[in-house]
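A short worksheet on the structure shown next.
We name chains A, B, ... by the order of the sequence lines, and we start the count at 1 in each one. Predicted, not measured: the structure shown is a model, and the values here were computed from it.
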Protein chains: 2
Amino acid sequence: MTDKLTLDEIARRAGVSRTTASRVLNNRPNVRSEIRERVQRVMAETGYRPHPVAQSLASQQSHVIGLVLPRRTEILFNDPYFPRLTQGIAQACNDHDYTLALFMMQSEADEQKFYPRISRKGLLDGIVIQVGQIGDDLIARLLASDVPTVVAGRPLQHPNANYVDVDNVAGACSAVMHLLHLGHKRIGMITGDMRTTAALDRYTGYCKTLQEHDLPVDETLISEGYFTEIGGYEAMQRLLPHKPDAIFSSSDAMALGALRAIYEAGLTVPKDIAVVSFDDLPPATIARPQLTTIHQPVHAFGVKAVETLLDVIKNGPTPPRRIIMETELVIRESCGSR
Amino acid sequence: MTDKLTLDEIARRAGVSRTTASRVLNNRPNVRSEIRERVQRVMAETGYRPHPVAQSLASQQSHVIGLVLPRRTEILFNDPYFPRLTQGIAQACNDHDYTLALFMMQSEADEQKFYPRISRKGLLDGIVIQVGQIGDDLIARLLASDVPTVVAGRPLQHPNANYVDVDNVAGACSAVMHLLHLGHKRIGMITGDMRTTAALDRYTGYCKTLQEHDLPVDETLISEGYFTEIGGYEAMQRLLPHKPDAIFSSSDAMALGALRAIYEAGLTVPKDIAVVSFDDLPPATIARPQLTTIHQPVHAFGVKAVETLLDVIKNGPTPPRRIIMETELVIRESCGSR
DNA sequence: GTAGTGATTGGAAGCGCTTCCAAAACTGTG
DNA sequence: CACAGTTTTGGAAGCGCTTCCAATCACTAC
């Protein structure tokens, strides 16, 4: 109350040196328990709270990590995926006593402006960066900086970066397999934004599975939906004339759009066209019929990204961490398999 | 490269004092332009980037503001509202050279843990806190702390806090007015979570408008939907037996659920039941029919919250800022008015 | 009783920057 | 050309904490 409440002041009131007060504050050993208690009491009584910035400067670690969403990714914040991911990351930060700083780049200017702040040890102890479009400049520069970085998603052009990803290829495979098992032959695909690795990998899984079953990859049955509802809607409209009997959609949101297009064409799901999508986010259960979809553990994914980052911070960047998380087919109604 | 790149080092290489180097770094006057250029050149050549934490400590301002989402609000992160709000806030932070720290509380423990870090000047220059449920403890404690704070939404129990809100009452009024003009008499309402002021205010606007038109407020035509799609669906199911001819839904997401329930009951919108909702977020245009809804400027709202906060930081907390933003009726298909 | 051990304590030097203040250098005036 | 007034400059004191290191202390073993 009276004086500015610094650690010095606490030390003075407890009749010890600042060093000892610091030890008590940080729960370090080598303090007589009697003294420790006395200092703790003073801290409690005065409502002392250490100055985080001073701690950061002196200890050379900020206990802050940054989540960087590059330009254009931010558009996708409409998709439930990113909010959910952010939640997972925030949760993990809380659990590990880290503060989360959010860098949502909305223009090239933003990237230029923030690069100096974040690419330097000081503000941030580490960075989780979402992969953006292939060839993204920001990610390359961040990886080259001396700040520990983990990429959320597979960075195509930086194979030895630390990254966490879901097994998109395997997920797509099991989606297509499911459709094949149900007897579908003309399986179309609505892809995500093909400038992202997630979209590419799912596409790869789709092609691979068809080929392994001696089915042709028919370009007229593939259309890009850019990961948005409206994109999925338009993609489906393009696909309909080619009479697919099943669709693999690279995201739930796009599947929602596809359903709309299908109904507007007077067809029904799953009777006329079966649909499997990817994500298993809220849209999957809101849709009628409910979507059979590839579940990806978005929340856990965010947690894992943070934990991997903390591991890198603590134990250094070598060897590169590559975490691949499993997906799982969730069967609901949109395939008519039950 | 060679030595640790501090301001001292820059000063040494440029042959000036650290004070002068600091002045150049911060674009302050009283430096001969010749010297200024020399220092700038050295900074550019060496790729010098100041240590943000050291700057914070010395200048007593961090250029970081916190966005606090209290417990339970975080659940609503599924609704497109919060991601969009976050985007607006992030944008404004970027534009004003502030870093955004995100505190998404997911448990009481989180709140306890972070309170000391954020309620103290140091880490954060200011806080934008989303109103949570009425009676929320955290918001009260934050308002009592010495950190400049702006509330997003009207904090019922803290009328003289700084806050930014949309005019929920007026918005609800114009929604109901629209339905009245179209000749509807049995106008039902799906409310949001009634422990929030947004839900209460919209409910108030609904009641007020009915009363002003000498219509009864019929409890059987009102049901709580908790701001979720599924909540809206269930609320609508409860309402259907009482034969409303129109529905005012307190959010787009709930309207989506309501539409589902209406269709499942074999009725159509707008023929059998007209629907007006609130938000004008992506679900409004995805829905079939597209939703007539009260547009609220979510993005601008986030921007305004930040700008108000910066104003408070700069000019002090008095007088209390109370910003109310306007809403607007957007007519689409779900009322059949065209 | 004394040397040796390990646990405790505090002095002091930072961490990398801002900013107050006094000194130095320059400007223009009579 | 001296003097008051204005810029420009740098020395030094912080900002509030951590941490190295040397000093002190309490014991044990001989």
Rounded to the nearest Å, what distance is computed from the [atom1] atom of residue [X] to the [atom2] atom of nucleotide [N]?
X	N	atom1	atom2	answer
A:His51	D:dG14	NE2	C1'	13 Å
B:Leu57	D:dA13	CG	C1'	13 Å
B:Arg120	D:dC15	CZ	P	13 Å
B:His63	C:dT18	NE2	P	11 Å
A:Gln61	C:dC15	CD	P	16 Å
B:Glu34	C:dC26	CD	P	11 Å
B:Asp8	C:dT18	CG	P	11 Å
B:Arg18	D:dA12	CZ	P	11 Å

By nearest nucleotide on DNA chain D, pick out whichever of B:Pro29 and B:Ala54 is the more 5' one.
->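 Nearer the 5' end of the strand: B:Pro29.
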Closest-nucleotide ordering on DNA chain D, the 5'-leading residue of B:Arg23 and B:Gln60 |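 With B:Gln60 and B:Arg23 compared, the 5'-side residue is B:Arg23.
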Ignoring hydrogens and angles, answer whether the base of D:dT19 and the side-chain atoms of A:Thr19 contain a donor-acceptor pair closer than 3.5 Å.
->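 Pair found.
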[X] side-chain N/O to [N] phosphate OP1/OP2 under 4.0 Å:
X	N	value
A:Ser17	C:dT9	no
B:Arg32	D:dT9	yes
B:Asn30	D:dT9	no
A:Tyr48	D:dC17	yes
A:Thr20	C:dG10	yes

Rounded to the nearest 0.5 Å, what's the gap from OG on B:Ser62 to CD on B:Gln60? Could you check?
->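 B:Ser62 atom OG to B:Gln60 atom CD measures 10.0 Å (nearest 0.5 Å).
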Looking at CD1 of B:Ile65 and CG of B:Leu123, how far apart are the two atoms once the value is rounded to the nearest 0.5 Å?
->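 So the gap between those two atoms works out to 13.0 Å.
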Return the nearest nucleotide to the side chain of B:Ala58; candidates are D:dG11, D:dC15, D:dG16.
->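 Of D:dG11, D:dC15, D:dG16, D:dC15 is nearest to the side chain of B:Ala58.
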Any donor and acceptor pair, going by atom type alone, linking the side chain of B:Lys304 with main-chain N or O of B:Val164 inside 3.5 Å?
->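 Side chain of B:Lys304 to backbone of B:Val164: no pair is present.
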Donor-acceptor contact below 3.5 Å, side chain B:Gln61 vs main chain B:Gln55 |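 Not a single qualifying donor-acceptor pair exists.
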For [X], which contact category applies under a 4.0 Å heavy-atom criterion: base, sugar-phosphate, or nothing?
X	answer
A:Pro50	sugar-phosphate
A:Val53	nothing
A:Arg28	sugar-phosphate

Carboxylate-amine/guanidinium proximity below 4.0 Å for A:Arg321 and A:Asp311 |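 Salt bridge flag = yes for A:Asp311 with A:Arg321.
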